[in-house]
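Labels below follow one simple rule: chain letters A, B, ... track the order of the sequence lines, proteins then strands, and each chain is numbered from 1. For clarity, every value in this text was computed on a predicted model and none was experimentally measured.
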There are 2 protein chains.
Amino acid sequence: MIGQQEADSIERRSGVSLWRQIADRILQAIATGDFAENAALPPEVALAERYGVNRHTVRSAISALVQEGVLRAEQGRGTFVLSRKRLSYPIGARTRFSTGLQGQTSERHIVLLSSSVEPASQRVAEGLGLTRGAEVIRLETRGEADGRPVSRAAGWFDARRFAGIDKAMAETGSITASLARFGIDDYLRQSTVLSARHADAADLADLDLQPGAIVLVTVAVNITPDGQPIQFSESRFPAERVELKLSAL
Amino acid sequence: MIGQQEADSIERRSGVSLWRQIADRILQAIATGDFAENAALPPEVALAERYGVNRHTVRSAISALVQEGVLRAEQGRGTFVLSRKRLSYPIGARTRFSTGLQGQTSERHIVLLSSSVEPASQRVAEGLGLTRGAEVIRLETRGEADGRPVSRAAGWFDARRFAGIDKAMAETGSITASLARFGIDDYLRQSTVLSARHADAADLADLDLQPGAIVLVTVAVNITPDGQPIQFSESRFPAERVELKLSAL
DNA sequence: GTATATTTGTCCGTATGTATA
DNA sequence: ATATACATACGGACAAATATA
């Protein structure tokens with residue numbers, strides 16, 4: 001026999017593009033365990049030879065699977081099979097970062113990335129019941145669990161009522177604890193709007209994602225039990241690592 | 001002057017790849033209105049000449065923007081700028097398709113695509129409080145608004161309690177009306193788990209999407225007011241057309 | 001620490017296929 | 001039918017990041 005022929009070989013002019021056939025073969029290999037989770041795929045040139053195509057054709061297949069969140073390619077290192085387990089992040093009347101992930105991770109915390117004072121944009125002003133342009137404090141945070149980023153959030157607060165919350169946040173590492181310093185013992189989620197999109201450049205950097213990754217985006221308003229809006233927020237979650245579990249609001 | 005030089009020309013060996021620079025230029029052109037919504041972009045060869053690169057480099061840029069949900073390429077026709085308005089689909093204690101979209105669309109309805117009887121899988125059985133393998137009726141539906149698909153759902157019901165719900169659904173075009181025939185006047189959303197992923201081949205066909213599109217996925221259980229589970233469902237929403245608005249559960 | 005090899009990323013050019021106008 | 005425009009595939013060259021000797 002001259003030349004190894006695989007049982008389920010790729011076919012030219014079959015109506016299905018070569019790169020798609022190769023991508024499906026790789027998916028199959030992952031499903032059957034031929035390529036284990038977190039394991040490195042053979043180099044592109046090796047795959048090209050195995051499937052009898054040009055390296056660029058293999059690259060198209062890999063590129064598609066990177067987009068689909070199955071693989072991760074790292075220049076100079078290799079291409080790896082991603083793991084598929086997700087954290088379940090609860091969203092409900094009392095959405096809190098740390099307590100929500102309890103039991104799912106051995107460690108979790110919030111890092112304050114930056115804070116600033118700025119005039120309220122239209123949507124922030126609406127959410128907080130302020131006039132547009134009123135001063136608000138903006139806190140940029142990242143949530144991490146077991147060393148991996150699981151959320152990236154911007155929170156806005158009325159600068160007059162919550163002057164110094166940036167300092168409180170830096171010291172406590174907790175929104176809940178920071179609000180407590182201002183006499184807020186309890187707060188509720190008033191509204192949440194949820195969407196999904198591809199990660200932009202900032203998301204990629206903040207959440208350590210690969211181009212093509214998906215982020216879940218929540219835009220929310222928190223209020224006191226008696227109905228005063230206290231926080232407007234936009235959060236982004238890497239869809240490959242997090243799912244959102246809606247509980248009673 | 002030999003050769004037109006644009007003010008903000010693309011730069012080689014600037015650290016940013018040519019295709020990314022071109023993608024950003026296209027984004028900018030859309031933002032400034034140079035390329036209007038739903039308008040066709042110039043052909044690839046024209047863009048290649050405009051930016052002084054090979055056609056493949058333009059293709060890389062376009063490909064990235066298609067992935068990002070900004071453009072839509074149609075073989076033989078052209079490449080088009082997508083519109084960015086989204087429907088806001090409410091999810092809450094009483095999530096209903098038709099009433100939820102009222103006011104946002106002039107027309108909306110549910111199409112029953114298929115129905116079948118099958119043994120309950122593990123997760124369906126758990127959701128409905130049945131034993132695994134118990135007979136369940138599965139309804140496949142698509143929600144459409146103003147002629148465009150906005151959701152694709154599979155719903156499972158206990159086959160003994162809801163025998164004939166497939167027929168009811170075909171006649172009424174409404175889950176709520178169908179359940180009413182079985183004496184269910186009201187039902188509540190017990191749980192919802194939300195995730196996002198790239199559309200697979202079935203999603204692309206069902207929802208009329210382009211490869212690389214994102215779908216929001218909800219897995220939910222509906223119960224009667226006294227707590228009996230009646231429906232397990234998995235719904236997929238095209239993220240480019242729908243956002244989810246969480247209301248009180 | 002440095003050179004070398006490995007591996008993925010970018011860009012070009014060419015040819016051909018396929019869908020649409 | 002013909003032309004247009006996007007899609008696929010190949011081949012080559014070099015750059016950039018990483019791993020290894």
Side-chain angles (χ1 to χ4, degrees), chain A residues 9-26 35 38-67 70-82 201 204-205 208-213, chain B residues 9-26 35 38-67 70-82 201 204-205 208 210-212:
Chain A
S9 196
I10 63 171
E11 290 174 19
R12 286 165 194 267
R13 61 192 73 249
S14 68
V16 180
S17 59
L18 295 184
W19 66 262
R20 188 66 255 179
Q21 293 183 56
I22 291 168
D24 291 339
R25 290 279 293 269
I26 293 173
F35 296 148
N38 299 316
L41 250 60
E44 293 169 350
V45 283
L47 291 173
E49 190 180 10
R50 172 187 304 193
Y51 296 125
V53 299
N54 188 274
R55 176 183 159 225
H56 291 303
T57 305
V58 167
R59 279 182 63 75
S60 292
I62 289 174
S63 170
L65 295 179
V66 168
Q67 295 298 333
V70 175
L71 300 178
R72 172 192 188 96
E74 295 183 35
Q75 186 172 169
R77 297 220 316 134
T79 302
F80 305 88
V81 180
L82 288 175
L204 299 182
D208 185 26
L209 294 170
Q210 294 282 298
Chain B
S9 197
I10 62 171
E11 290 174 19
R12 285 162 195 269
R13 60 193 71 251
S14 68
V16 180
S17 59
L18 294 184
W19 66 261
R20 187 67 254 179
Q21 292 184 56
I22 291 168
D24 291 339
R25 291 278 294 269
I26 293 173
F35 296 147
N38 299 318
L41 251 60
E44 293 171 350
V45 284
L47 290 173
E49 190 179 11
R50 174 188 301 194
Y51 297 125
V53 299
N54 187 274
R55 178 183 156 231
H56 290 304
T57 306
V58 168
R59 279 182 63 75
S60 293
I62 289 175
S63 170
L65 296 178
V66 168
Q67 295 298 334
V70 175
L71 300 178
R72 171 193 189 96
E74 295 182 35
Q75 185 171 162
R77 296 218 318 132
T79 302
F80 305 88
V81 180
L82 289 174
L204 299 181
D208 185 26
Q210 295 281 297

For nucleotides 17-20 of chain D, tabulate all protein N/O to nucleotide N/O atom pairs closer than 3.5 Å, reporting atom names and distance.
unit_1: D/dA19; atom_1: OP1; unit_2: A/Arg77; atom_2: NH1; d: 2.9

Check your understanding: Counting heavy atoms not belonging to A/Glu74, are there more than 12 under 6.0 Å from its CD?
Key -> yes
Could you tell me which non-hydrogen atom of [X] sits nearest to which non-hydrogen atom of [Y], and how far apart they are?
X	Y	answer
A/Gly212	A/Gln67	CA-OE1, 3.2 Å
B/Ser14	B/Gln21	OG-NE2, 3.2 Å
A/Leu65	A/Arg20	CD2-NH2, 4.2 Å

Check your understanding: Using rotation axes that map the C1' atoms of four end pairs onto the next four (five pairs an end), what angle separates the end axes of the helix from C/dT2-D/dA21 to C/dA21-D/dT2, to 10°?
Key ->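 Rounded to the nearest 10 degrees, the bend comes out at 10°.
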Check your understanding: So what does A/Arg20 touch, heavy atoms closer than 4.0 Å: a base, only the sugar-phosphate, or nothing?
Key -> nothing
Practice item. Could you check whether B/Leu18 gets within reach of a base, just the sugar-phosphate, or nothing at all, counting any heavy atom under 4.0 Å? Key: sugar-phosphate
Exercise for review: By nearest nucleotide on DNA chain C, pick out whichever of A/Thr79 and A/Arg13 is the more 5' one.
Suggested key: A/Thr79
**Study point:** Partner set under side chain to side chain donor-acceptor pair (under 3.5 Å) for A/Ser60, not counting sequence neighbours
**Key:**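 Expected list: none.
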Practice item. Output all residues satisfying side chain to side chain donor-acceptor pair (under 3.5 Å) with B/Ser17, sequence neighbours left out; order by chain, then residue number. Key: B/Trp19
**Study point:** Length of the CD-P vector between A/Glu11 and D/dA9, whole Å
**Key:**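 Spelled out: CD on A/Glu11 to P on D/dA9 is 13 Å.
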Review point. Rounded to the Å, how far apart are B/Leu47 CG and D/dA5 P?
Key: 11 Å
Does the side chain of [Y] come within less than 4.5 Å of [X]'s, by heavy atoms?
X	Y	value
B/Leu47	B/Thr79	no
B/Asn38	B/Val81	no
A/Val53	A/Arg12	yes

Could you measure the distance from the [atom1] atom of [X] to the [atom2] atom of [Y]? Nearest 0.5 Å is fine.
X	Y	atom1	atom2	result
A/Glu44	A/Thr57	CD	OG1	11.0 Å
A/Ile10	A/Asp24	CD1	CG	11.5 Å
A/Leu71	A/Ile62	CG	CD1	7.0 Å
A/Leu209	A/Arg72	CG	CZ	8.0 Å

Point to revise | Contact boundaries on DNA chain C for chain B, cut-off under 4.0 Å to non-hydrogen atoms | key: C/dT10 to C/dA21
Exercise for review: Kindly state which residues belonging to residues 53-61 of chain A come within less than 4.0 angstrom of DNA chain C, counting heavy atoms of the residue only, listed by number.
Suggested key: A/Arg55, A/His56, A/Arg59
**Study point:** Residue met sooner reading DNA chain D from 5', once A/Gly52 and B/Val45 are mapped to nucleotides
**Key:** B/Val45
